[in-house]
Amino acid sequence: MLRRMNVAPPPTALITGAASGIGAAFARLLAADGYRLILVDREPLPSPSDGEPIQADLTEPGDLARIEERCRSGVDLLINNAGFGHPTRFLDTPIEAEVTMARLHMEAVLRLTHAGLPSMLERGSGGVVNTASLLGFLPSSTYSASKSWVINFSQATARAARPHGVTVMALCPGFTRTGFHDSARMDMSKIPGPLWMSPDAVAAKALRDFRRRKSLSVPGWHNKLIAAVARTLPPTFTSRLLATTDMREPAR
Ligand SMILES: NC(=O)c1ccc[n+]([C@@H]2O[C@H](COP(=O)([O-])OP(=O)(O)OC[C@H]3O[C@@H](n4cnc5c(N)ncnc54)[C@H](OP(=O)(O)O)[C@@H]3O)[C@@H](O)[C@H]2O)c1
């Protein structure tokens, strides 16, 4: 007679913005770690070998509600990673585009974390990774302001979740070679090569920090140094400095 074996189901990871860049790198690493993947993007996604692709625009209330429901039904790891940059400065950017960014970088992160955390807290395991940015430490744009919110929100939530065995972490990548800058029509040709990281290196370092239960991950020594310095400088000084190095289109 065959003995029935109690085999635990694989852990589930839901990743937003999983079609390319850092999100796709997370998907590759977590698949290799045996995770069942729920991949979310507004782009059509290939079906992962174990998991499901969901096409959803997280700035559309109906689509966001569908993904919230999926999070509420229980995932072990939630990676809020979808994001984009504006090609133009604040007053040259249509307000609808600014609101869309606020919806994706803040409302979607807020709602999905709120939906996903309760079942993690009940189980006493799992966690949330919210992709912010190194720019979140610097007063440079509405993009950086939204990423600053992600850092602040994640660290506050991390404090409340940690005693229950659940990790919440803000990931702050620096320059990463993805389609991000081309999509935002930014000319990055002046950024020195050594400042760039690959999306695979960023995702690997983020997952290592997540396993170490950190609430903040800044991949790369050069980025750690920039973050440390940025946090000590007066915001009036850094915002003036950043205005001289802005890579977006100036006002016409
Ligand atoms: N690359 C960098 O240097 C860098 C540095 C710091 C932080 N980050 C952050 O890292 C995260 C990942 O960016 P990435 O560099 O990997 O860029 P990416 O390759 O452009 O990936 C972002 C993904 O998010 C998706 N997305 C955008 N808006 C969406 C929406 N409304 N609903 C669902 N999915 C949406 C994009 O789809 P579409 O292709 O259709 O737009 C894309 O697949 C972002 O949060 C970004 O802010 C990037």
Side-chain angles (χ1 to χ4, degrees), residues 14-29 38-46 53-68 70 78-87 96-109 111-112 128-138 140-151 153-154 169-188 191-193 195-206 216-220 222-223 226-227 230 247-248:
L14 189 149
I15 309 168
T16 71
S20 59
I22 298 169
F26 271 125
R28 284 191 290 276
L29 290 172
I38 303 163
L39 304 180
V40 179
D41 206 289
R42 61 179 179 181
E43 302 290 320
L45 287 148
I54 307 180
Q55 195 170 355
D57 181 338
L58 296 168
T59 65
E60 290 295 326
D63 281 7
L64 181 55
R66 268 196 300 139
I67 308 305
E68 270 180 89
R70 188 62 194 79
L78 165 64
I79 304 188
N80 283 308
N81 169 79
F84 71 95
H86 290 310
E96 291 75 20
E98 292 287 5
V99 172
T100 299
M101 177 177 278
R103 284 211 183 109
L104 184 62
H105 292 181
M106 295 188 276
E107 184 182 359
V109 172
R111 284 185 177 277
L112 298 187
V128 181
V129 175
N130 292 324
T131 306
S133 168
L134 196 57
L135 276 179
F137 298 114
L138 296 159
S140 111
S141 57
T142 45
Y143 173 84
S144 75
S146 70
K147 295 300 192 176
S148 187
W149 180 90
V150 174
I151 296 170
F153 165 70
S154 304
M169 185 181 88
L171 165 64
C172 301
F175 297 116
T176 309
R177 290 202 189 279
T178 68
F180 179 88
H181 304 97
D182 282 348
S183 303
R185 302 201 304 276
M186 289 176 189
D187 176 11
M188 306 304 285
I191 304 299
L195 288 187
W196 290 89
M197 289 180 74
S198 72
D200 292 279
V202 168
K205 288 187 188 305
L216 185 71
S217 172
V218 182
H222 57 296
N223 292 328
I226 293 168
M247 277 148 249
R248 291 163 306 155

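Numbering of ligands and ligand atoms starts at 1, following listing order. Quick caveat: nothing in here was measured; it's all calculated off a predicted structure.
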Check ligand 1 against Gly21 and write out every atom of the ligand that is under 4.0 Å from a heavy-atom position of the residue. 16 (O), 19 (O)

Can you check which of Tyr143, Phe175, Trp196 brings a heavy atom nearest to atom 46 (C) of ligand 1? Tyr143

Could you give the distance from CG (Leu45) to CD (Gln55), rounded to the nearest 0.5 Å? 7.5 Å

At less than 4.0 angstrom from any non-hydrogen atom of Ile22, what atoms of ligand 1 do you find? 10 (O), 16 (O)

The atoms of ligand 1 lying under 4.0 Å from a heavy atom of Ala56, numbered in the order shown, are 32 (N), 33 (C)

Plane angle bin for His181 and Phe175 - parallel if under 30°, tilted between 30 and 60°, otherwise perpendicular: tilted

With a cutoff of 4.0 Å, is Pro199 in contact with ligand 1, counting heavy atoms of the residue only? no

How long is the straight-line distance from OG1 of Thr176 back to CG of Leu195, given to the nearest 0.5 Å? 11.0 Å

Less than 4.5 Å apart, any side-chain heavy atom of Glu68 and any of Leu112? yes

Please list the nearest protein heavy atom to atom 15 (O) of ligand 1 with its residue and the distance rounded to 0.1 Å. Thr178 OG1, 2.6 Å

Does the residue His181 have a heavy-atom contact with ligand 1, meaning some pair of atoms that are separated by less than 4.0 Å? yes

Heavy atom of Leu104, distance to ligand 1 below 4.0 Å: yes

Is there a side-chain contact between Ile67 and Leu14 (heavy atoms, below 4.5 Å)? yes

Side chain to side chain contact (heavy atoms under 4.5 Å, CB included) involving Ala27 - partner list, sequence neighbours excluded: Ile15, Leu37, Leu39

Student check: side-chain heavy atoms of Arg42 and Asp63 closer than 4.5 Å: no

Give the residue and atom name of whichever protein heavy atom lies nearest to atom 13 (O) of ligand 1, and the separation in Å to one decimal. Phe180 CD1, 4.2 Å

Determine, using heavy atoms of Lys147 and all atoms of ligand 1, whether some pair is separated by less than 4.0 Å. yes

Should Ser141 and His86 count as side-chain neighbours, where that means a heavy-atom distance under 4.5 Å? no

To the nearest 0.5 Å, how far apart are OG in Ser148 and CE in Met106? 10.0 Å

With the side chain counted from C-beta on, respond yes when Ser144 and Leu138 share a heavy-atom pair under 4.5 Å apart, and no when they do not. no

Nearest non-hydrogen protein atom, atom 32 (N) of ligand 1: Leu58 N, 3.0 Å

Give the numbers and elements of all ligand 1 atoms closer than 4.0 Å to a heavy atom of Ala132. 7 (C), 9 (C)

Determine, using heavy atoms of Ala25 and all atoms of ligand 1, whether some pair is separated by less than 4.0 Å. no

Closest protein heavy atom to atom 40 (O) of ligand 1, given as residue, atom name and distance to 0.1 Å: Glu43 OE2, 2.5 Å

Starting from atom 6 (C) of ligand 1, find the nearest protein heavy-atom neighbour and note its residue, name and distance. Pro173 O, 3.3 Å

Just jot down the ligand 1 atoms closer than 4.0 angstrom to any heavy atom of Ser20, in number order. 18 (P), 19 (O), 21 (O), 42 (C), 43 (O)

May I ask which of Thr131, Asn81, Val202 has a heavy atom nearer to atom 45 (O) of ligand 1 than the others do? Asn81

Measuring from atom CG of Asn130 to atom OG1 of Thr16, what distance do you get when rounded to the nearest 0.5 angstrom? 9.0 Å

Looking only at protein heavy atoms, identify the closest one to atom 34 (N) of ligand 1 and say how far it is in Å. Arg42 N, 3.5 Å

Given side chains that start at C-beta, do those of Val150 and Thr131 come closer than 4.5 Å, heavy atoms only? no

In terms of atom number and element, which parts of ligand 1 are under 4.0 angstrom from non-hydrogen atoms of Asp57? 30 (C), 31 (N), 32 (N)

To the nearest 0.5 Å, tell me how far Glu60 CD sits from Thr100 OG1. 8.5 Å

Could you check which of Ser133, Gly83, Gly23, Gly174 puts a non-hydrogen atom nearest to atom 5 (C) of ligand 1? Gly174

Quick test: of every protein heavy atom, which one is nearest to atom 36 (C) of ligand 1, and how far off is it to 0.1 Å? Asp41 OD1, 3.8 Å

The protein heavy atom nearest to atom 26 (N) of ligand 1 is Ala82 CB, 4.0 Å

Look up atom CG in Leu134 and atom CG in Leu171, then write down how far apart they are to the nearest 0.5 Å. 10.5 Å

What atoms of ligand 1 come within less than 4.0 Å of a heavy atom belonging to Gly179? 19 (O)

Please could you name the atoms of ligand 1 that Gly17 approaches to less than 4.0 Å, counting only its heavy atoms? 23 (C), 24 (O), 25 (C)

